[in-house]
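One structure below.
One-based numbering, in listed order, for ligands and for the atoms of each. Values reported hereafter were calculated over all heavy atoms of this structure, with side chains retained and with hydrogens, waters and symmetry mates removed.
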Amino acid sequence: MALEIDLSGRVALVTGGSRGLGRADALTLARAGADVAIADIQLESDSGEQAERYGPLAQAARAQGFVYAEQTADQIRALGRRSLALRCDVTERAEVAETVRRVGEDLGPVGILVNNAATLDHLGQLSDQSPELWERDLRVNLTGAFNCAQAVWPGLVEHGWGRIVNMASVAGTLGGFGQASYSTTKAGVLGLTRTLALEGARNGITVNAIVPGVIGTEAFGFGNPEMNERMIRRTALRRAGDPQEVANAIAFLCSGLASYITGIELNVSGGIELFTF
Ligand SMILES: NC(=O)c1ccc[n+]([C@@H]2O[C@H](COP(=O)([O-])OP(=O)(O)OC[C@H]3O[C@@H](n4cnc5c(N)ncnc54)[C@H](O)[C@@H]3O)[C@@H](O)[C@H]2O)c1
């Protein structure tokens, strides 16, 4: 077998692909040969009314100017692959079902799912954790991943091949100070990963999780500089990761090179979980 990542003939669906890691993942899977659909709560062409519907998170993201879903789909097409940018809220099961149907119709059945969409927009210790944001985070980060996995599952089973990569976080493996809801959802994603790995194995489906540390996405650049500095100081490699370094790991897990790997949590974290002093 050639020692290369070749995803030609595969169709990938990346949720939350309008920016950050999802955008890098979508471009990387396409460079490896896959046709890629990007599903995100927001697209550049959304009308003001549509953006309104998505509440404060999407509006904040739009205000930051970080919405590149359609631009990314164009870049993928320029690589000679097929691509779609679809508006989809992963918490809405009907929208998820319609997205999977639409991808199937336009690009072919989804073989690769990257459950990347998530919310990471507030910090606060337990006494300040808003119950509304707790529920919202569970719905997006955890139930959203479940919804998308369940929607693509029958197609993966039918074809006897599938790859699901779930985005977890070191907040899920180590805990995250001031991140009760976020870290809980990311720990939950690891349980979902192992269980789906067990259930999918008999049908040629592998399911793995990526555990990123601090990655230099747009959001990181505009975050709290002192907090960012502290996180980098406790990272063994003493720098933030590049989105491409996460995307490389995802492409590997989706490729034939990772055919015997399932149910793992792969740290792409620069060693932030190591005892550093
Ligand atoms: N950046 C990091 O340092 C880091 C570290 C650990 C884990 N992660 C994980 O990696 C993934 C990507 O992180 P990022 O930094 O690129 O985040 P980001 O906030 O830049 O991107 C998340 C994307 O998800 C979309 N989204 C939010 N709610 C959605 C919904 N209901 N339906 C569909 N799309 C929705 C957003 O519009 C956005 O495009 C997330 O799962 C995050 O938890 C990131």
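Annotation for Gly213 and Val170: closest pair CA-CG2, 3.9 Å, computed over non-hydrogen atoms. Summarising the geometry of Leu29 relative to Ala251, their closest heavy-atom pair is CD2-CA, 4.0 Å, with the distance given to 0.1 Å.
Atom CD in Gln129 sits 8.0 Å away from atom OG1 in Thr184 (nearest 0.5 Å). Remark: Gln42 CD to Arg19 CZ distance equals 6.0 Å, nearest 0.5 Å.
In Ala171, neither the side chain nor the backbone holds a heavy atom less than 4.0 Å from any atom of ligand 1. Contacts between Gln42 and ligand 1 below 4.0 angstrom, taking non-hydrogen atoms only, involve the side chain exclusively. Only backbone heavy atoms of Ala168 (N, CA, C or O) come within less than 4.0 Å of ligand 1; its side chain stays farther off. The side chain of Tyr182, and not its backbone, has at least one atom closer than 4.0 Å to an atom of ligand 1 (non-hydrogen atoms only; side chain from C-beta on). Residue-level proximity to ligand 1 for Val140 is carried by the side chain, the only part with a heavy atom below 4.0 angstrom.
For ligand 1, the atoms closer than 4.0 angstrom to any heavy atom of Asn116 are 10 (O), 11 (C), 12 (C), 40 (C), 41 (O). Residue Asp89 has at least one heavy-atom neighbour below 4.0 Å for each of these atoms of ligand 1: 30 (C), 31 (N), 32 (N). The ligand atoms of ligand 1 that sit less than 4.0 angstrom from a heavy atom of Gly20 are 16 (O). Here is the list of ligand 1 atoms found below 4.0 Å of a heavy atom in Cys88: 32 (N), 33 (C). For ligand 1, the atoms closer than 4.0 angstrom to any heavy atom of Thr217 are 1 (N), 15 (O), 16 (O). Less than 4.0 angstrom separates some heavy atom of Met167 from each of these atoms of ligand 1: 10 (O), 41 (O).
Heavy-atom proximity to atom 25 (C) of ligand 1, evaluated over Asp40, Asp25, Ile272, is greatest for Asp40. Taking all heavy atoms of Arg87, Arg23, Arg19 into account, the minimum distance to atom 19 (O) of ligand 1 is reached by Arg19. Nearest to atom 27 (C) of ligand 1 by heavy-atom distance, out of Ala117, Gly16, Ala118, is Ala118.
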Please step through side-chain hydrogen bond (donor to acceptor under 3.5 Å, both in side chains) for the pair Glu199 and Thr195, ending with a clear verdict. CA-CA 6 Å; Glu199 294 181 7; Thr195 296; 5.9 Å; no
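For the pair Thr15 and ligand 1, no heavy-atom separation below 4.0 Å is found. The shortest heavy-atom distance from Gly17 to ligand 1 is not under 4.0 Å. The closest approach between a heavy atom of Glu218 and any atom of ligand 1 is not below 4.0 Å.
An N or O contact shorter than 3.5 Å is missing between Thr91 and ligand 1 by distance. Note: no N/O pair closer than 3.5 Å links Pro212 and ligand 1 by distance alone. Of the polar atoms of Leu21, at least one N or O is found under 3.5 Å from an N or O of ligand 1, judged by distance alone.
Remark: Arg10 qualifies as a cation-pi partner of Trp161 under the 6.0 Å distance and 45° angle criteria applied to the six-membered ring.
Tested against Asn141, the residues Asn115, Thr91, Thr185, Asn166 include a single side chain to side chain donor-acceptor pair (under 3.5 Å) partner, Thr185.
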